[in-house]
Amino acid sequence: MTTVVVGASSGLGRALAEELARTGHELLLVASDPRDLSAIAADLGWRHAAKMHTLALDLAATDDPGACGAARIASAIGLAAAGWAVASR
């Protein structure tokens, strides 16, 4: 199973990715900068022998970040989805 970490290039997302990689999870790292993602994925994969995937996606740059993000993430990890629901206030 692949674990998705959104915001994986810094802060809490990066710390979570580090811990999950350390415990052997296969990860899909999602963040807006593809250069950061490539470097982080290479580092985590090398240090923890964990399988890494990356998806450069700026969720703040779209009118419907939930739907856009969900569809792109599902595609990246090979999920087929009948529908997505996104709620906002």
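Atom set for the values below is all heavy atoms of this structure, side chains included, hydrogens, waters and symmetry mates excluded.
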Find out whether [X] and [Y] are in side-chain contact, i.e. whether some heavy atom of one side chain is under 4.5 Å from a heavy atom of the other.
X	Y	value
E26	H53	yes
V5	V30	no
R47	E18	yes

What's the spacing between [X] [atom1] and [Y] [atom2] if we round to 0.5 Å?
X	Y	atom1	atom2	value
L37	S32	CG	OG	8.0 Å
L12	L16	CG	CG	6.5 Å
I40	L29	CD1	CG	7.0 Å
M52	T2	CE	OG1	10.5 Å
D33	T54	CG	OG1	11.0 Å

Can any side-chain N or O of T23 pair as donor or acceptor with the backbone N or O of L20 at less than 3.5 Å? yes
Are L28 and L57 connected in a single hydrophobic cluster, I mean Ile/Leu/Val/Met/Phe/Trp/Tyr linked by side-chain heavy atoms less than 4.5 Å apart? yes
Do you know which two heavy atoms are closest between A17 and L27, and how far apart they sit? O-CD1, 3.5 Å
Taking every heavy atom of A31 against every heavy atom of A8, the minimum-distance pair comes out as CB-N, 4.2 Å
Under 3.5 Å, is there a donor-acceptor pair linking the side chains of H25 and E19? no
